[in-house]
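Data first, discussion second: the structure below is written as structure tokens.
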Amino acid sequence: MLFTPLLLLISVLLFFIGIVYREKFRFRRYGVDLQFQQAVNVFIRGGFRQDIAEAAKLSEKLRQPVPVEKLQIHAASGGNPMQVVQAMKYLEQTEIESLKVGFRHICLIDLSGKPLTQVIEEAEQILGLKLSGEFEFSGMEYHYLYQASYRRPLMSVAFDSFSGEPVRKEIKRKITDLSRYHKELLRMKAGDEAQLRKLILDNVLRKAFWEQNFKLILLEHDIVISRSPMD
């Protein structure tokens, strides 16, 4: 009688170990070797799924492979683990700054219902901006032509609405309101277009300004300035 609880415990333990090794074997068939604890975690979270095994195998080719448990959690949340890993593989091969995101961010996009490939394509697109106008400084009227190229970050494409018109208005306001940079302007010689150009490109509309105010990645920009005496 004393041995009955012990035998029952051993039987349950052996049964559990058998289930865990079954999970290991099923994943191994797809080329994925799970550690014992990983197999336990997989079993607790629902067990083997072919799409998770295939995604885990592809993940091994990444610079930072995704643990099978994370793929399983994403799948259980309604996501597509293979689509996420394929997107990560593609993004690892590009140097485009707007596409630099991690696994968690890609999962969020995938769960949003938007096609990952479509979001990535939009983030890869180079957008352009061109505007002209006038501003005054030191008794002179300056005419300018500003041009810029930029991209939208992946997460912004996925979750933020976008219109180029507010960007144009804010840039125009920044250029025409140079008086706020009085300290820098005081060091300039009146009529020096080269110094004004440098101030606008390197300070007023620098890359950090684009990122902080518009959530955009500035690629390149330039401004042509000409002047004429005010009446």
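Atoms considered below: every heavy atom in the structure, side chains included; atoms not considered: hydrogens, waters and symmetry mates. If you're wondering where the values come from, they're calculated on a predicted model, not measured in any experiment.
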Atom [atom1] in [X], atom [atom2] in [Y]: separation rounded to 0.5 Å?
X: Ile171; Y: His221; atom1: CD1; atom2: NE2; result: 9.5 Å
X: Met88; Y: Cys107; atom1: CE; atom2: SG; result: 8.0 Å
X: Phe27; Y: Arg22; atom1: CZ; atom2: CZ; result: 11.5 Å
X: Glu124; Y: Arg151; atom1: CD; atom2: CZ; result: 7.5 Å
X: Lys70; Y: Asn41; atom1: NZ; atom2: CG; result: 12.5 Å
X: Lys89; Y: Leu58; atom1: NZ; atom2: CG; result: 6.5 Å

So which atom in [X] and which in [Y] form the shortest heavy-atom distance, rounded to 0.1 Å?
X: Ile217; Y: Glu97; answer: CG2-OE1, 3.6 Å
X: Leu154; Y: Ala123; answer: CD1-CB, 3.7 Å
X: Glu134; Y: Thr176; answer: O-CG2, 3.2 Å
X: Phe159; Y: Lys114; answer: N-NZ, 4.2 Å
X: Ala148; Y: Leu218; answer: CB-CD1, 4.1 Å
X: Lys100; Y: Thr94; answer: NZ-O, 2.7 Å

Should the heavy atoms of other residues, nucleotides or ligands under 6.0 Å from [atom1] of [X] be counted, would the total exceed 12?
X: Lys172; atom1: NZ; value: yes
X: Gln35; atom1: CD; value: no
X: Gln93; atom1: CD; value: yes
X: Phe162; atom1: CZ; value: yes

Tell me if a side-chain donor or acceptor on [X] pairs with a main-chain N or O of [Y] at a distance below 3.5 Å.
X: Glu92; Y: Arg63; value: yes
X: Glu220; Y: Gln147; value: no
X: Asp110; Y: Asn80; value: yes
X: Ser59; Y: Val66; value: yes
X: Arg168; Y: Lys130; value: yes
X: Lys24; Y: Leu34; value: yes
X: Ser77; Y: Ile73; value: yes
X: Glu23; Y: Phe48; value: yes

Using a 4.5 Å cut-off on heavy atoms from C-beta on, say whether the side chain of [Y] contacts that of [X].
X: Leu205; Y: Ile175; result: yes
X: Ile109; Y: Val101; result: no
X: Gln72; Y: Arg49; result: no
X: Asp222; Y: Arg197; result: yes

Please determine whether residues [X] and [Y] belong to a single hydrophobic cluster, defined as Ile, Leu, Val, Met, Phe, Trp and Tyr linked transitively by side-chain heavy-atom distances below 4.5 Å.
X: Leu127; Y: Ile120; value: no
X: Leu62; Y: Val68; value: yes
X: Phe214; Y: Tyr146; value: yes
X: Val224; Y: Leu196; value: no
X: Leu99; Y: Val85; value: yes

Once you measure the plane-to-plane angle for Tyr142 and Phe135, does it fall in the parallel (<30°), tilted (30-60°) or perpendicular (>60°) bin?
parallel
Any Lys/Arg nitrogen of Arg173 or Glu170 sitting under 4.0 Å from an Asp/Glu carboxylate oxygen of the other?
yes
Pair Ile52, Val42 - check side chain to side chain contact (heavy atoms under 4.5 Å, CB included), show working.
CA-CA 10 Å; Ile52 297 172; Val42 166; over 6 Å; no
Derivation and outcome, side chain to side chain contact (heavy atoms under 4.5 Å, CB included), residues Met82 and Asp51
CA-CA 7 Å; Met82 177 58 78; Asp51 58 340; 5.6 Å; no
Considering residues at least two apart in sequence or located in another chain, which fulfil the ring pair (Phe, Tyr, Trp, His ring centres under 6.0 Å) criterion with Phe103?
none
Can you list the steps and then say if Arg206 with Asn203 is a side chain to side chain contact (heavy atoms under 4.5 Å, CB included)?
CA-CA 5 Å; Arg206 64 191 186 279; Asn203 193 331; 3.6 Å; yes
